[in-house]
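To start, the structure itself, in structure tokens.
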Amino acid sequence: MSAITEPAVPAGTPEPSAPAPMSRREVLQALSGLFMGMFVAILAATVVSNALPTIIPDLGGSQSVYTWIVTAELLAMTATVPLWGKLADLVSQKLLIQLSFGLFVVGSVLAGAAQDTTTLIVARVLQGAGAGGLTALVQIVMAAMIPPRELGRYAGVFGAIFAVATVSGPLIGGVMVDTSWLGWRWCFFLGVPFTLLAMLLIQKTLHLPAVTRRRVHVDWLGALLLTAGVCTLLVWVTLAGNRYDWLSVETAVLVGASVVLLALALVVEARSPEPIIPLHLFGNRTVALAIVASALVGIAMFGGTVFLSQYFQVALGYSPTAAGLLSLPLVAGLLVSSTVAGALITKTGRWKRFLVAGGALMTLGFGLLATIDAATSTWLLGLYMLVLGAGVGMLMQNLVLAAQNDVPAAELGTTTSVVSFFRSLGGTIGVSVLGAVLAGRVAADLSVLGGTGEGGEAAVPDISVLPPEVVALVQHAYADATAELFLVATPLAALALVTVLFIREKALKTTSGAQRLAEEQAAAH
């Protein structure tokens with residue numbers, strides 16, 4: 001593929017010229033490596049969920065580190081997204097992508113070779129930092145190459161890949177553990193060759209136009225305070241209701257520390273010439289509403305998949321592999337709706353109708369899932385998940401598209417990363433809060449059995465070894481608790497619908513981010 005280079009500028013002419021638009025063939029070639037690497041990176045966040053009961057005993061770990069093997073990756077991914085996005089506005093995006101892949105590969109190799117839980121947790125942090133870069137950078141590079149008017153079809157594919165990777169992770173992890181000649185270490189090793197191949201493809205096919213950048217100034221103090229504040233907040237919501245009560249001394253300490261750190265971060269960001277998260281973005285109506293809606297979509301995306309998998313295994317008695325297969329209607333809804341909506345947006349240029357339809361379907365999906373019990377048929381469950389998946393698929397990437405279309409090209413990276421950051425933050429908080437709702441309801445329903453369902457510390461019961469009369473009680477308890485958490489999530493989904501109703505539809509721009517950036521720089525001269 002021929003490289004896209006900055007057009008020649010006559011001597012004595014300081015203004016940068018707008019680069020020529022990339023052909024569809026060039027765009028598809030460049031996206032092949034990006035999408036492959038992103039799929040593997042997102043998969044890493046969920047692939048261990050079904051493997052953890054095997055990993056922990058094998059490494060001699062205790063129950064206290066069980067949560068951290070998942071949380072460490074999610075914390076690192078969520079907290080580093082804004083920093084990656086800011087750097088993308090200042091330095092080579094291609095270099096940053098390769099650095100993200102490199103961190104992910106190192107973390108994956110260390111995790112697969114880990115001989116103790118400490119090494120595994122450190123490796124998961126490296127994986128998360130790499131995945132955080134990819135989560136933001138892939139969307140930023142897409143916006144740099146493709147005009148918003150054409151971005152819909154590609155954004156739909158991105159959303160589908162993100163959703164499939166998130167939902168299929170537990171299924172792949174279960175298959176790895178259940179296959180005798182593979183084992184849990186391949187949950188980490190499997191992604192390494194695909195990531196290396198993605199790095200080679202990107203090096204060969206991704207040719208972003210050379211643009212004149214401002215002098216690099218990164219607000220490292222703001223980044224440190226922001227990361228520390230967010231991590232403290234996420235540690236609290238992850239462990240509250242599990243390791244300690246929501247109202248406790250630990251809660252007071254962690255919430256207080258988080259508030260102080262984030263307040264200091266706001267002060268530093270307000271005074272910095274290059275803030276990690278420019279505060280004026282929240283004054284942009286479209287961006288602010290997209291951030292709120294994305295946080296609520298994160299609850300649907302992560303909370304729905306995590307607890308549905310547990311419902312299939314405990315309340316309905318399916319194996320981990322079968323539970324993954326039963327989640328396919330959710331994947332199908334996400335895949336079809338995001339792809340079709342993206343294509344229609346590209347064809348018509350209209351996008352708000354899909355946000356509204358997505359919010360309505362997501363609310364309906366949660367409401368339907370709030371009616372499930374231990375006797376709900378699988379085909380009815382499939383229909384409910386299909387509705388939920390269709391709603392999330394229409395919302396997730398199109399919110400990013402709306403925000404990208406409404407900001408200057410020089411702030412595309414920051415804007416994209418902020419929307420992605422709040423989606424991940426909402427997902428993390430949603431999983432923790434909904435998990436606490438489920439644990440509390442199960443503990444109350446099973447209190448008659450003594451220690452069987454005792455609080456958040458108790459392990460999920462293995463119904464295959466329980467007496468029949470106890471199995472029925474456990475299954476009904478988990479089914480009712482799962483329905484209750486979906487009932488709690490329904491008004492949150494309705495709030496997302498109300499939020500997108502207030503977003504103003506603006507015509508999609510017809511020039512790529514790189515072209516707009518060159519035009520903005522020329523105008524500045």
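Just so you know, residue 1 is the first one in the sequence shown, and it goes up from there.
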- Task: Describe, in one word, how the ring planes of Phe422 and Phe282 are oriented to each other, choosing from parallel (under 30°), tilted (30 to 60°) and perpendicular (over 60°).
- Result: perpendicular
- Item | Heavy-atom side-chain proximity of Val287 to Val418 below 4.5 angstrom | no
- Give the C-alpha distance, both sets of side-chain angles, the deciding distance and a yes or no for side chain to side chain contact (heavy atoms under 4.5 Å, CB included) between Ile202 and Phe101. CA-CA 11 Å; Ile202 288 171; Phe101 277 133; 3.0 Å; yes
- Query: Given Val500, which of Leu289, Leu395, Val297 fulfils the side chain to side chain contact (heavy atoms under 4.5 Å, CB included) condition?
  - Reply: Leu395
Say you draw a straight line from [atom1] of [X] to [atom2] of [Y]; how long is it, rounded to the nearest 0.5 Å?
{"X": "Leu96", "Y": "Leu83", "atom1": "CG", "atom2": "CG", "value": "9.0 Å"}
{"X": "Leu99", "Y": "Met199", "atom1": "CG", "atom2": "CE", "value": "9.0 Å"}
{"X": "Met77", "Y": "Gln127", "atom1": "CE", "atom2": "CD", "value": "11.0 Å"}
{"X": "Leu226", "Y": "Glu269", "atom1": "CG", "atom2": "CD", "value": "6.5 Å"}
{"X": "Leu485", "Y": "Leu308", "atom1": "CG", "atom2": "CG", "value": "8.5 Å"}
{"X": "Ser337", "Y": "Leu388", "atom1": "OG", "atom2": "CG", "value": "10.0 Å"}

Main-chain N/O of [Y] paired with [X] side-chain donor or acceptor, under 3.5 Å:
{"X": "Thr232", "Y": "Ser258", "result": "no"}
{"X": "Gln404", "Y": "Ala402", "result": "no"}
{"X": "Arg423", "Y": "Ala293", "result": "no"}
{"X": "Trp84", "Y": "Ala131", "result": "no"}
{"X": "Ser420", "Y": "Thr416", "result": "yes"}

Least distance between heavy atoms, [X] atom then [Y] atom:
{"X": "Leu110", "Y": "Ala123", "answer": "CB-CB, 3.7 Å"}
{"X": "Gly133", "Y": "Ser100", "answer": "CA-OG, 3.5 Å"}
{"X": "Val392", "Y": "Met362", "answer": "CG2-SD, 3.9 Å"}
{"X": "Val419", "Y": "Ala403", "answer": "CG2-CB, 4.0 Å"}
{"X": "Thr195", "Y": "Gly191", "answer": "OG1-O, 2.7 Å"}
{"X": "Ala270", "Y": "Leu279", "answer": "CB-CD1, 3.9 Å"}

- Query: Could you go step by step and tell me if Leu399 and Ile503 meet the side chain to side chain contact (heavy atoms under 4.5 Å, CB included) rule?
  - Reply: CA-CA 10 Å; Leu399 287 168; Ile503 297 179; 4.2 Å; yes
- Message: Using ring centroids (six-membered ring only for Trp), state whether Trp351 and Phe354 fall under 6.0 Å.
- Response: no
- Message: Working note: Val105 + Leu196, criterion side chain to side chain contact (heavy atoms under 4.5 Å, CB included); need CA distance, chi angles, decisive distance, verdict.
- Response: CA-CA 8 Å; Val105 168; Leu196 294 175; 4.2 Å; yes
- Message: Surrounding CZ of Phe189 (heavy atoms of other residues, nucleotides or ligands, distance under 6.0 Å), is the total greater than 12?
- Response: yes
- Message: Run the side chain to side chain contact (heavy atoms under 4.5 Å, CB included) test on Val230 and Leu262 for me, step by step, so that the C-alpha distance in whole Å, both residues' side-chain angles and the decisive distance to 0.1 Å come before the verdict.
- Response: CA-CA 8 Å; Val230 170; Leu262 292 176; 4.2 Å; yes
